[in-house]
Amino acid sequence: MVLGVLGSGSGSNMQAILDAIEEGTLDARIGLVLSDNPDAFILKRAEKHGIETGIIDCRGFKTKFPEEAQAETALRLQEAGVELVCLAGFLRLVKWPLLDVFPQRILNIHPSLLPAFPGLESWKQALDAGEREAGCTVHFVDEGMDTGPIILQESVPILSDDTAETLHARIQVIEHRLYPAAIRKVGRAVL
Ligand code: GRF
């Protein structure tokens, strides 16, 4: 199974996927890592492992993922033979035409128990709302923001002395196990 990863930041989830592959618990390879942020650490991590990387040119838009950029992204992923696309901390909304080129083939990881707390810094939202548990979700990407059918989800208790940082760190530990597991599940089901 050939994976393509899109990320805007640190890439710890991409690293977890890579670790699972290298440990032999995920039968896949990462064919291409793309980022909309030329300085993103995810690119450095990928390069260190000899993985092809590239920059997505979003034409100066800060948050929008313009159609031309989505078309270019789809083409690059196709050229790299990518079968499944994993969003890992990618901060733009994927829509047409990328979604249509990879129908039911784009996954995202989100740090909340969706459908609760979509959007940014969800762990903070859960903490501020006085919730007793947070969590993370891997789901198929559709036209919405953090919507789409759920593949796997796991909860994380919120402790009385949690800060946004400690909670996020504990959620990330779970994310790093959950994402490879979700890719395995989808790989078995659809590829
Ligand atoms: C993760 O918390 C993920 O749930 C969210 O963005 C963060 C990405 O972290 N979508 P990383 O770049 O994988 O370290």
Side-chain angles (χ1 to χ4, degrees), residues 3-22 26 28 30 32-49 51 53-56 58 62-63 65 73 84-95 98-99 106-129 131 133-158 162-183 185-186:
L3 308 175
V5 180
L6 308 189
S8 307
S10 145
S12 69
N13 278 284
M14 192 274 304
Q15 185 70 54
I17 294 167
L18 209 49
D19 291 346
I21 293 171
E22 287 177 357
L26 177 61
I30 299 180
L32 180 64
V33 173
L34 296 176
S35 181
D36 56 335
N37 171 11
D39 300 322
F41 190 54
I42 192 171
L43 295 172
K44 307 248 173 342
R45 289 186 196 262
E47 283 156 14
K48 208 171 136 199
H49 288 262
I51 297 169
T53 61
I55 310 295
I56 302 171
C58 286
K62 277 220 150 57
T63 54
F65 194 1
T73 301
L84 197 66
V85 181
C86 300
L87 307 186
F90 186 64
L91 296 176
R92 295 176 194 254
L93 277 188
V94 171
K95 290 186 184 293
L98 186 49
L99 266 183
I106 307 182
L107 274 52
N108 182 42
I109 184 146
H110 183 78
S112 81
L113 293 172
L114 288 173
F117 308 120
L120 293 175
E121 301 195 318
S122 313
W123 61 93
K124 248 189 217 167
Q125 296 184 48
L127 205 55
D128 293 346
E131 296 288 327
E133 59 176 16
C136 52
T137 306
V138 180
H139 64 96
F140 287 107
V141 173
D142 65 9
E143 288 272 336
M145 184 197 283
D146 303 319
T147 51
I150 290 172
I151 300 160
L152 284 178
Q153 185 168 68
E154 196 168 318
S155 63
V156 175
I158 296 182
D162 256 335
T163 62
E165 289 72 30
T166 57
L167 179 57
H168 188 213
R170 282 208 319 288
I171 292 173
Q172 282 223 298
V173 172
I174 306 299
E175 287 187 340
H176 297 161
R177 179 162 47 73
L178 203 69
Y179 215 167
I183 295 167
K185 188 174 172 190
V186 170

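Whatever order the structure lists them in is the order used to number ligands and atoms, beginning at 1. Throughout, residue positions are numbered sequentially from 1 according to the sequence presented.
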Between Ser10 and Arg45, a side-chain donor and acceptor under 3.5 Å: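 Indeed, the side chains of Ser10 and Arg45 share at least one donor-acceptor pair under 3.5 Å.
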Any donor-acceptor N or O pair under 3.5 Å, side chains Ser8, Asp36: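 The answer is yes; a qualifying pair exists.
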Salt bridge (charged side-chain N to carboxylate O under 4.0 Å, His left out) contacts in which one or both residues fall within residues 135-149, not counting sequence neighbours: Lys95-Glu143
Distance, nearest 0.5 Å, that separates CG of Leu152 from CD1 of Ile174: 12.5 Å
Rounded distance (nearest 0.5 Å) linking atom CG of Leu34 with atom CD1 of Ile55: 8.5 Å
Neighbour list for ligand 1 [protein residues, heavy atom under 4.0 Å]: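 Residues Ser10, Gly11, Ser12, Asn13, Gly89, Ile109, His110, Pro111, His168, Gln172, Glu175 each place a heavy atom under 4.0 Å from ligand 1, listed by chain and number.
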The single option from Leu6, Val5, Leu18 passing side-chain contact (heavy atoms from CB on, under 4.5 Å) against Val33: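 Running side-chain contact (heavy atoms from CB on, under 4.5 Å) over Leu6, Val5, Leu18 with Val33 returns exactly one hit, Val5.
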